[in-house]
There are 4 protein chains.
Amino acid sequence: MADASIRCVPSATRRSEQSRRAALDAALALVTELPYPRITVDAIAARAGVSKATIYRWWSAKGALVVEALAQQSADRPEEHLVLPDTGDLEADLAGVLRAIVDEMADPSYDALMRALSIESLQDPALRDQVREQIFGVQLEYVERRFAAARAAGQLRDDVGTLEAFELFVAPVFHRWQGATGPLTHAYADGVAARAVRALRPG
Amino acid sequence: MADASIRCVPSATRRSEQSRRAALDAALALVTELPYPRITVDAIAARAGVSKATIYRWWSAKGALVVEALAQQSADRPEEHLVLPDTGDLEADLAGVLRAIVDEMADPSYDALMRALSIESLQDPALRDQVREQIFGVQLEYVERRFAAARAAGQLRDDVGTLEAFELFVAPVFHRWQGATGPLTHAYADGVAARAVRALRPG
Amino acid sequence: MADASIRCVPSATRRSEQSRRAALDAALALVTELPYPRITVDAIAARAGVSKATIYRWWSAKGALVVEALAQQSADRPEEHLVLPDTGDLEADLAGVLRAIVDEMADPSYDALMRALSIESLQDPALRDQVREQIFGVQLEYVERRFAAARAAGQLRDDVGTLEAFELFVAPVFHRWQGATGPLTHAYADGVAARAVRALRPG
Amino acid sequence: MADASIRCVPSATRRSEQSRRAALDAALALVTELPYPRITVDAIAARAGVSKATIYRWWSAKGALVVEALAQQSADRPEEHLVLPDTGDLEADLAGVLRAIVDEMADPSYDALMRALSIESLQDPALRDQVREQIFGVQLEYVERRFAAARAAGQLRDDVGTLEAFELFVAPVFHRWQGATGPLTHAYADGVAARAVRALRPG
DNA sequence: AACTAACCGAGACGGTACGTCTCGTCTTGAA
DNA sequence: TTCAAGACGAGACGTACCGTCTCGGTTAGTT
């Protein structure tokens, strides 16, 4: 499955918003309830009260539906985004958000969801792009604002782009989560924040 | 698939080394030839000229076989490990190895291997642990030596462990590779090395 | 499909004759082009440039439409009916018409039409009755005239009805066609005619 | 369905006789229980306790399985065959067997079974041939014996083959059954026998 | 001339069944 | 015993049609 590329047929005018939401909601619910390989299109269809044909009419495969469901959730709950506060203290702000991320990663349903996203991304380039644009990109925008402020306050080097700065504090946590290569604690979050700030500091 | 844990029956008394190698080689070959979800146990068995029963007798599932195949390859080709040279210039050494990694990631075979490893890690905690110990751990040991030297030369802060230091320069590259969130160039490698060294520098 | 009975509901006053003919013509065309199970309502609708809803508004199912199409054709081409000539020689007349039938049966289009009729008859009693009345019955009437003449000429036994006489020479040919149990040749037609006449002869 | 031809592929040596019988028995049972289009491969598989893949491994489609099931039943119950007794009185013997056939045709499950056979035969030439060889042919052999005796006793014309003679008394009944063109009574059976014998009598 | 009502095309929808695929187990026979 | 070969039960996959429905647009046949 998930070998082909995304379809997401256009004509969208006559599309039933009700069916669309039912499918996305069902997908979201199942993602947090079952290990990813146990989630089937039939189960999503049944849960949504929607026919399998309808799902395949609008999504190329299970993965595309799941990713869109997660993106939709992202859009529906902007307060749950990776919003960097701005207290003036960049390291503290980063540490705070990293602690929050670390806490979320301990939640089994968040874990399941991340796993689903990662697996699909790795299996299908089209889905990887979808994830990057619909989920990662949104997160990045939120971070961008805080870094713009930091840059204006002279706390950031000129030779580091937002994407690189973002990677600097997010990638280690993500890497450790994915590989289970070490504990994901608040202390660890603080350490990552400290190192990131040191790396980004001018001079 | 890959829902259960590893078995890897020990007895091995009358085990046919020939069949074992054939299976591992076939798995390795297919990983680089096909998108991961298209690789089936039947295909591996057919390619290896080995029966499916034999595979299931010695490995619990496709994933365990693939991971062992990759670990085996890792063990067979130590020269391809992530060996940090020691020229005394830590940043240059890091930049060099990161450039090498970036080059490898552009190789479709390497890409496919990494993808397989990541997918299996994400699907099965037991395999994730296996990957960490048999592949990641080996890499880490090689890096450890260089960092020990740097630490002795006073180039490293005392409050940063080897694992954290390792993550600092590897995780961003890996994250960018997995998410296709940006270009993987030598310039990028140099930037990551520079930032890592800044973050690790004492004072 | 075709599990329910015939409906043929609405007003018919406002009915578009154009759509009706288009549907019937499309059905007829497809019957001769495709194996029967491959003929779909969607295909008929598409070919006719008519919507599926329109088809289901006027016919209960594919079968009803096909049967009506065939009946319509039957009505449109009376010259193609099973017309028994009357030369005075009953056996020769029968042999002539049977030879004509045998020739027709070799025509793939006719074969396909007969197949469609038979399949629908067998699947739905309502359609079977429709076929009997609108197609079989018409054929029978034509035959009736010739047998009336034969009866008047004392060439027919009193204890044999027209239907039974009809069956006597038509059923074997039809049976052989449907079961492909033997060759359908002019010689065979002559034999059937001879046997029928012997069976029907008085005394 | 049933568009392709018969496959019946693999080795057959390793084939599980148990699964084969379970599938055939289940098919037979369902044919008498449900209208033919309602019989599904899934239902047969479930009833038989056999996997769908096993069914498709050995039969090309539902039709082939059903036909083989009926042929198997034919083989299992030779006493239920169309066995013509030989009392010396050909007409009485024929009338007897036709009366039995007429009685059977009134049985809904026999009716359903015949319908199934006919529909499949009409939809797929390969199945038609299978029916002819595995079912019709067997019946014909039984009839052959009685006609041989009749022929020896000088009760049959020399210019009529067994197949033609068979058609003469079976086809009218079958035709009337299939088209519902008239009542199927013992009196009708007697009439058909009488006409057949007249047609077949020498001189 | 506007109104109304039924028809029409298009095509999305909930369903059912299809035939294929992969999984992991099990059986057979040769070495 | 181990192995190659491969049939098996289980069940998800993605496709094809079914017959129903809603949507606007059009076209009679009134008012």
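Below, chain A is the first sequence line, B the second, and so on; all start at residue 1.
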Q. With sequence neighbours left out, what residues match D:Ala112 under side-chain contact (heavy atoms from CB on, under 4.5 Å)?
A. none
Q. Roughly, in whole Å, what's the span from CG in B:Leu34 to C1' in E:dT22?
A. 14 Å
Q.
Using heavy-atom distances to pick each residue's nearest nucleotide on DNA chain F, tell me which of B:Gly49 and C:Ala43 is more 5'.
A. B:Gly49
Q. Can you name the salt bridge (charged side-chain N to carboxylate O under 4.0 Å, His left out) partners of C:Arg128, sequence neighbours left out?
A. none
Q. Testing A:Val67, A:Leu117, A:Ile119 for side-chain contact (heavy atoms from CB on, under 4.5 Å) with A:Leu127, which one passes?
A. A:Val67
Q. What's the shortest heavy-atom distance between C:Ile39 and C:Lys62, and which atoms?
A. O-NZ, 3.1 Å
Q. Are any of B:Trp58's side-chain N or O atoms less than 4.0 Å away from OP1 or OP2 of F:dC3?
A. yes
Q: Apply side-chain contact (heavy atoms from CB on, under 4.5 Å) to D:Glu133 and list each qualifying residue two or more places apart in sequence or on a separate chain.
A: D:Asp129
Q) With distance as the sole criterion, do the side chain of A:Thr40 and the base of F:dA12 form a donor-acceptor contact below 3.5 Å? A) no
**Q.** Minimum-distance nucleotide (side-chain atoms of B:Tyr56 versus E:dG24, F:dC13, F:dA5)
**A.** E:dG24
Q.
Test of understanding: with side chain to side chain donor-acceptor pair (under 3.5 Å), list the residues that count as partners of A:Ser19, not counting sequence neighbours.
A. A:Ser16
Q: Write down the distance between CZ (C:Arg47) and P (E:dG9), rounded to a whole number of angstrom.
A: 16 Å
(Q) Once salt bridge (charged side-chain N to carboxylate O under 4.0 Å, His left out) is applied, do any residues pair with D:Glu33, and if so which ones, sequence neighbours excluded? (A) D:Arg47
Q) Quick one: D:Ile44 CD1 to E:dC18 C1', roughly how many Å, whole number? A) 13 Å
Q: Using the closest heavy atom to pick a nucleotide of DNA chain F for each, name whichever of B:Ser51 or C:Asp42 lands nearer the 5' end.
A: B:Ser51
Q. In whole angstroms, how far is the C1' atom of F:dC18 from the CZ atom of D:Arg38?
A. 14 Å
Q | Length of the CD1-C1' vector between C:Ile55 and F:dC18, whole Å | A | 13 Å
Q: Rounded off to whole Å, could you give me the NZ-to-P distance for the C:Lys62 and F:dC18 pair?
A: 6 Å
Q. What is the distance, rounded to the nearest whole Å, between atom CD1 of A:Ile39 and atom P of F:dC13?
A. 11 Å
Q) Hey, is the side chain of C:Arg57 poking within less than 4.0 Å of OP1 or OP2 on E:dC8, counting only N and O atoms? A) yes
Q: Could you tell me whether C:Arg15 sits above the aromatic face of C:Trp59, with NZ or CZ closer than 6.0 angstrom to the six-membered ring centre and within 45 degrees of the axis?
A: yes
Q | Phosphate-side-chain proximity, D:Trp59 and E:dG19, N/O vs OP1/OP2 below 4.0 Å | A | no
(Q) If I take atom CD in residue C:Gln18 and atom C1' in nucleotide F:dT27, what distance separates them, rounded to the nearest angstrom? (A) 12 Å
Q) Nearest nucleotide by nearest heavy atom, which residue falls closer to the 5' end of DNA chain E, A:Val50 or C:Ser16? A) C:Ser16
Give every donor-acceptor pair under 3.5 Å between a side-chain atom in residues 22-32 of chain C and any protein atom, sequence neighbours left out.
{"residue": "C:Thr32", "atom": "OG1", "partner": "C:Ala29", "partner atom": "O", "Å": "2.8"}

(Q) Taking side-chain contact (heavy atoms from CB on, under 4.5 Å) as the definition, give me every residue that meets it alongside A:Ala53, ordered by chain and number, with sequence neighbours left out. (A) A:Ser51
Q.
Any residue in residues 19-31 of chain C with a heavy atom nearer than 4.0 angstrom to DNA chain F? Just list them by number, or reply none.
A. none
Q: Ignoring backbone atoms, test whether A:Thr54 places a side-chain nitrogen or oxygen under 4.0 Å from the OP1 or OP2 oxygen of E:dG14.
A: yes
So which protein N/O to nucleotides 26-28 of chain E N/O distances come out below 3.5 Å?
{"residue": "E:dT27", "atom": "O2", "partner": "D:Arg14", "partner atom": "NH2", "Å": "2.6"}

